[in-house]
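A note on names: the letters A, B, ... follow the listed sequences, proteins ahead of strands, and every chain is numbered from 1.
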There are 2 protein chains.
Amino acid sequence: MSTRNANVCAMRRKSLANPISIKDIARMADVSHSTVSRALSNSPMISAQTTERIHRIAEQSQYRASEVARSLVTRHTRTVGIVVTTIADPFAAGVVDGIEDAATEFGFSVFLANSNADPEREIRVVRSFEERRVDGIIVTSSRAGAIYVRMIGQLRIPIVLLNNQHPSEYVQSVMIDNVEASARATSHLIELGHQNIAYLGDRYGEQSDTERFSGYRHALQAAGLCFRPEFIVLGDGKPEGGMKAMAQLLALAERPTAVFCYNDMSALGALRQVRVAGLQVPGDISLTGFDDLYISQYMQPALTTLRQPMRQMGRMAMETLIQLLKGSASAHSIKVAAELVLRESTAPPKRRK
Amino acid sequence: MSTRNANVCAMRRKSLANPISIKDIARMADVSHSTVSRALSNSPMISAQTTERIHRIAEQSQYRASEVARSLVTRHTRTVGIVVTTIADPFAAGVVDGIEDAATEFGFSVFLANSNADPEREIRVVRSFEERRVDGIIVTSSRAGAIYVRMIGQLRIPIVLLNNQHPSEYVQSVMIDNVEASARATSHLIELGHQNIAYLGDRYGEQSDTERFSGYRHALQAAGLCFRPEFIVLGDGKPEGGMKAMAQLLALAERPTAVFCYNDMSALGALRQVRVAGLQVPGDISLTGFDDLYISQYMQPALTTLRQPMRQMGRMAMETLIQLLKGSASAHSIKVAAELVLRESTAPPKRRK
DNA sequence: CTGAAAGCGCTTACAG
DNA sequence: CTGAAAGCGCTTACAG
């Protein structure tokens, strides 16, 4: 680098690194920096006149108060840390959208971090949030085990878990009511006249899978329908796995007439596989999903599914956190009900027995 | 609240607000806090012995260095602010995923904020980022006008724009090459034998729409095909608008045999509308999209589209920012090529003229 | 109503 | 190799 370039760089760096401070504007206004600080926060201690004058000067000189300096003395940062598996997952994105909305409303900024489903990375992320001195943490759909939850319980930072594995009793959480919802969707299928209903689950042993499966079984049992092990088939929560699992179902001597899918992504794959096999939904097979992703209403046929109110859930998590920060006691665990959204992918079976 | 509760709250607050500091561990180790600071950053000035001892003590006492205090003295925060329209948009989510990945790699944390396409809110967001003293800002797909871009150009914080309206020459940017890509997709349709190709655009006057339309026209012109105004129809970038726009096309006396859609979401709606009309894709009409969202490969039929490498683009934006921070000059504007992904939604027209 | 002083938790010259 | 001192940009008792 030439000397001239080096100089330019140095100048540039300097200008970048030295925003104007409270002292600068104190000098301009010919008052102490305490007065500036008070005026800028509209303290009643300062005369209306000086307050206004200082505001004007601050405005003109494009002054931006340093939140980092302020945080050091106030001992809070007005930030939240959010950890998601990956923000590319539409469910996570919906939740974060809701959190961000509420956070902004309360004057908080949000740190976002992906765990990539890697427990070690998740721990590093939480650690970095501690160092950033976030006021609170929200973790979404973490699969990190019970050990980790205990660790997190010992955290000195308030935390709220959203749709997490093993929320434990030590932390606040907001969870979708999986078993109730799944039972409802299964009952819907039964009421339509289906007797051979399959469950297309998730092979990764998610707690949500266990719960949804449980709701499915309850509904079957309540209706006096027998449980058929060959109707239980496992995907991976994504279209790819849904296709493979559906292929297994289609290969059966006696095919189910309806399939309850673990989530919408699985249902998308299942639907595709049915088509590949030259069959129709819901003509030959009815399909239900879980989540109600934005695209599900545009699937062909539009998907009947259980709607998780992602944005509201995110909002609730943020609001719970705010309560925690204020020290007011609030519900330990919020269960939210999914809404059954009836669309085109479910219909009565072709021939009743 | 009872007195007892109040006490509990006070204790709790205290424990939350007072993490252990460098002074505490200095006391434990019986050294000065300067020594602790140096040992913790593995300064060669400190003996291996003391360094190790201090590390052990810090570990045991769960010490977490305060990034906020550190930031105050080092004058950088190792944070980036990202502004997206809404993180619920799958394109934004993909980009943020890439940014986050690269950021973590470089030891940066990311602040995320939604602008909700509201210029005022966008300005507030940027302002809050300034106060947070972020080291840099990345703005994705902002529609905020040229005035705003100028304002942002005067910002003392390095900024990089991704797929933005009017990037201007004052700021770094990474942009998809819309016109080249669109021309390629249109040419693909032409090579298949289509002569009546419609353009289903976006009514909000996005620059990307203008550019994609331009690529479409270039390709038509290069092939000597005449441009038909009635084949230009406007959606809203979402399935809903795609449906309506496609309905207009289907109502035409002479229907197009292929439709180039502004983006995948529009194509999803268009596809649905074709189905509603009892027609087939690609049998009766070929369809192409833009983006290659995750779901596009699972559409029925799988969508032929132009792939924007969202994660890589996010990564590039972050890397550009890092370069900027290091003061090294880098390309002003990076143009990235979209990849034409051939799938099932395009085929030769039924009857050639 | 205003100012001087102390302090938040670090880093980093400056001494020794 | 280690420590005392100054300072980053704020807020907030304490005086006047």
[atom2] on [Y] to [atom1] on [X], rounded to 0.5 Å:
X	Y	atom1	atom2	value
B:N116	B:E122	CG	CD	10.5 Å
B:I157	B:L324	CD1	CG	12.0 Å
B:D135	B:I322	CG	CD1	8.5 Å

Can you check the [X] [atom1] to [N] [atom2] distance for me, whole Å?
X	N	atom1	atom2	answer
B:I20	C:dG9	CD1	C1'	12 Å
B:R132	D:dC10	CZ	C1'	14 Å
A:D30	C:dT2	CG	P	12 Å
B:H76	C:dT12	NE2	C1'	14 Å
A:R64	D:dC10	CZ	P	12 Å
B:M45	C:dT12	CE	P	11 Å
A:R78	D:dT11	CZ	P	14 Å
B:I22	C:dG7	CD1	P	18 Å

So, B:E59 and B:R56, do they make that salt bridge, N to O below 4.0 Å?
no
Look at B:E131 together with A:R70 and state whether they make a salt bridge at an N to O cut-off of under 4.0 Å.
no
At under 4.0 Å between heavy atoms, what does [X] touch on the DNA or RNA strands: base, sugar-phosphate, or nothing?
X	answer
B:S37	base
A:S41	nothing
A:V68	nothing
A:S34	base
B:T50	sugar-phosphate

Suppose we call a contact any N or O donor and acceptor under 3.5 Å apart; does that hold for the side chain of A:H33 and the base of C:dT2?
no
Just N and O in the side chain of [X]: are any of them under 4.0 Å from OP1 or OP2 of [N]?
X	N	value
B:K23	C:dC10	no
A:Y63	D:dC10	yes
A:S47	C:dT2	yes
A:S32	C:dA4	no
A:R75	C:dC8	no

Earlier contact from the 5' end, DNA chain C, for B:L72 and A:A48
A:A48
Between B:V36 and A:P44, which has a closest nucleotide on DNA chain C that is more 5'?
A:P44
Please determine, for C:dG16, whether a Watson-Crick or G-U wobble partner exists with both distances under 3.5 Å, and give it or none.
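Partner of C:dG16: D:dC1.
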B:T79 and B:R132: side-chain hydrogen bond (donor to acceptor under 3.5 Å, both in side chains), yes or no, with the steps?
CA-CA 9 Å; B:T79 58; B:R132 298 279 182 204; over 6 Å; no
Of the listed C:dT11, C:dG9, C:dG3, the closest approach to the A:R38 side chain comes from C:dG3
